[in-house]
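To keep things clear, I will list the structure first and then write my remarks on it.
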Amino acid sequence: MAITLNYYPKKVKRFSTGLGQDVGSLRSMIDMLQVFVVGSSIQRKAKAKMSWQFGDEPELKNSILNKLSTEPVLLTTDDLASEYPKKTGKPAVWKIRSVLPAIMDGQSIAKNEDESIPTDPSGNVFKTPMRAWPIRNFISSAIGLGLLNWNRINGNISLTRLGKQLAEAKHLVSEELTSDELTLLQLAFMSYPYAVAFLRSLENNKDGLNKFQLGETFGFAGEAGFTSFGEELYVGALTEAYESGDSFRIKKIKSNWESTSDKYIRGIASMLSKLKLISIIPQPFSYKNPKTGKNSHFSLTAYKLTGYGRENLGIALGRSKHKRTTKIITWDMLCTKGNVVYIRTIRALILMELDNSNGLTAGQIANKINANKVNKMPIFEGTTISGEEVSDHIKGLNGIGIQIDTSSSNKYVLKDPLQDFEIPITASQLPKKDNVQRQQDELRPLLAHVDHRYLQLVELALDSSQNSEYSMLESMTMELLLTYLDFDGASLGGANKPDGIAWDSDGNFLIVDTKAYDNGYSLAGNTDKVARYIDDVRARDSNRTSTWWTQVPESLNVDDNLSFMYVSGSFTGNYRKLLKDLRARTNARGGLTTVEKLLLTSEVYLTNNKYGHTQLLRDWTNDAIEHDEYYDQLVANI
DNA sequence: TCGGATGAAATGCGACAACC
DNA sequence: TGGTTGTCGCATTTCATCCG
């Protein structure tokens, strides 16, 4: 499924992705990408500047330098953009405490707090570093453009494949783009919904549109976070100022009368024009000149589609022979201000329902959302969605560049393929979600290599009604071990036999006991059984009732290399003492493994080459049994 | 103007009190 | 008494215009 609901146990770093207010220079954007390329010229420049400009935090500096030379380069927003706080009325601090300020210049000459001018080691004055906020906007836009990845769990930012291509393309130092860069960036922008929306608005306007006209339909128009001054107000005030000949007021209006949406549009326009997709033209407005009494005119900047723009729009919209581009949507783009979790969730669910259908009416979408399991979440606070609300949201989604058409039967149809994205929900927002789904949602984003059907283990481990001699929990657990974790062995089941046995080419032998209990598995009364199995395989006595041990290769040293493992959803009772007794009694390593731990260790095993059977068996038989005792460490290794 | 810059509002977060 | 909720003050994030 393209859109998934993921549950996060812990707080995740907040970072608003998709749009950027202050992004103008594409050269800075590309330079930023090169920071992620070990040994690139930009990296060398960054390191050189960090050597004298970095604040007095050697550990922080070394940590960043280390990350810069470790492939793949992974940096958090703090590593990339944090700054020393600015004091009101004083110049921004020129000392840096992150990497991007080292290569991204601000607009003014660096000043000390007392307004004196510092010099660099060569004795020259230098530009003050770009502030953290504009830098964050660059990162945010690069994520929206599919050039950078942002990992919500650990906050790491890394290059995408396209980002790497662009970072390694032929470069210039000036703002001018090489043809390689132009090609790659045009491709990126045609997957960037805002840019497509922008071009689409211009398509049928031969005379071009100014930022206010574009603002009427741009983004979630009119919402907080997408405010526009509006053409009427702006042009009206400017006409008045011109007619009264008030040049101070003219200047004031021109430089200050701009709101969020207007700013976004100017930024996107600036980039699209550098990509040759639009041209910038003057749009005249007439007024009566106060001195001459004749009609005169002033101009606003307007934007017009170029031939390249029309061509690329055709690619984005899948016209003629082209296939529609996949549009990049992030959860964070779906609302920026106010009750964001609620609104983003609703909008994401609308997209999800449309993505899963060939067309739905507003009422049908509302019904589906109201019936959705996540509707039990407190973030919905028991409210229900109406068809009218759905229609409003869809209008906004069209505004950010996702094309949702209305069919003749009043059905909404999603035209764009969407890149996979997630609806992230954190623990505090979901206190009462039932255990199974909650834990599955929590694990899902962590499991990149383990097949997600094994998430069923979570459900099976808690459902004691499923217990039988040949339980699903047992067979799935053994299937995981034998199919994915490179063990040989068998799923046995039945009386007087272990649930499962496994061994590997290193000579390790493992007895697996699984049991499903909704309230946790207690070892009390369940240790004798496993002790007997251990004795069985060591004794190899053919007179015993069960001779399951004949399946175990005789080459294995079951006296020294035998381990046992209990698998369940959770464990209760005084299991530490019972486990210790059992280990001593059998002289074997052994432990209790929750299905969560089983899945996480499996993921680590499949992810990390250095984590083999030795580490796997150690983790299955150690004393880290409760969630808090293993979770952080395992997740850190994924 | 372009390409960011900025003070302040909005929001999050830890700690500790208060309240079932 | 224990677990949840309220709140106070500080920290971080994001706005909404501002500006050299």
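In what follows, chains are A, B, ... by sequence order, proteins preceding strands, each numbered from 1. When reading the values below, keep in mind they use all heavy atoms of this one structure, side chains included, and skip hydrogens, waters and symmetry mates.
Between the CG atom of Asp22(A) and the C1' atom of dC19(C) there is a distance of 12 Å, rounded to whole Å. For the pair Lys263(A) NZ and dT6(B) C1', the computed distance is 13 Å after rounding to whole Å. Separating the CD atom of Gln21(A) from the P atom of dG4(B) is a distance of 13 Å, rounded to the nearest angstrom. One can place CH2 of Trp257(A) at 11 Å from P of dT17(C), the figure rounded to the nearest angstrom. When the C1' atom of dC15(C) is taken as reference, atom CD of Glu223(A) falls 15 Å away, rounded to whole Å. Rounding to whole angstrom units, CE of residue Met29(A) and C1' of dG3(B) are separated by 13 Å. One can place CE of Met104(A) at 15 Å from C1' of dC2(B), the figure rounded to the nearest angstrom. Nucleotide dA5(B) holds its C1' atom 7 Å from the CZ atom of Arg131(A), rounded to whole Å.
In this view, Ala167(A) and Leu33(A), Gln34(A), Val37(A), Leu159(A) satisfy the side-chain contact (heavy atoms from CB on, under 4.5 Å) rule, not counting sequence neighbours.
Among the protein residues, Ser16(A) comes within range of the sugar-phosphate backbone only, with heavy atoms under 4.0 Å from sugar or phosphate atoms but none that close to a base. Residue-level contact check: Arg266(A) touches the bases, meaning some heavy atom is under 4.0 Å from a base atom. Using a 4.0 Å heavy-atom distance criterion, Trp133(A) is classed as a base contact. Using a 4.0 Å heavy-atom criterion, one finds that Lys274(A) contacts the sugar-phosphate atoms exclusively. Residue Ser255(A) is classed as a base contact, given a heavy-atom separation below 4.0 Å to a base. No engagement by Gly267(A) is indicated, since no non-hydrogen atom pair under 4.0 Å with the nucleic acid exists.
An OP1 or OP2 oxygen of dA16(C) is reached within less than 4.0 angstrom by a side-chain nitrogen or oxygen of Lys337(A). Contact annotation: Asn256(A) side-chain N/O to dC19(C) OP1/OP2 distance is under 4.0 Å. Contact annotation: Lys254(A) does not reach the phosphate of dT1(B) (side-chain N/O to OP1 or OP2, under 4.0 Å). Of the side-chain N and O atoms in Thr336(A), one or more sit less than 4.0 angstrom from OP1 or OP2 of dC15(C). Thr260(A) has a side-chain polar atom (N or O) that falls below the 4.0 Å cut-off from OP1 or OP2 of dA16(C). Ser270(A) has a side-chain polar atom (N or O) that falls below the 4.0 Å cut-off from OP1 or OP2 of dG3(B).
Screening Gln43(A), Met32(A), Met50(A) for a side-chain contact (heavy atoms from CB on, under 4.5 Å) involving Val99(A) leaves a single residue, Met50(A). Checking each of Ile139(A), Ile157(A), Thr76(A), Thr330(A) against Trp150(A) for a side-chain contact (heavy atoms from CB on, under 4.5 Å) leaves exactly one that passes, namely Ile157(A).
Listed nucleotides dC18(C), dC15(C), dG20(C) differ in distance to Tyr264(A); the shortest reach to its side chain belongs to dC15(C). The Ala92(A) side chain lies nearest to dT6(B) when the options are dA5(B), dA16(C), dT6(B).
For the pair Phe15(A) and Ser140(A), the tightest heavy-atom approach, listed with the atom from each and the gap, is CZ-N, 3.9 Å. Contact detail for Lys49(A) and Ala102(A): the closest heavy-atom pair is CD-O, 2.9 Å.
Counting only N and O atoms by type, the side chains of Asn210(A) and Glu231(A) include a donor and acceptor under 3.5 Å apart.
Taking only distance into account, the side chain of Glu258(A) meets the base of dC18(C) through a donor-acceptor pair shorter than 3.5 Å.
With the nearest nucleotide of DNA chain B identified for both Gly89(A) and Gly24(A), Gly24(A) has the one nearer the 5' end.
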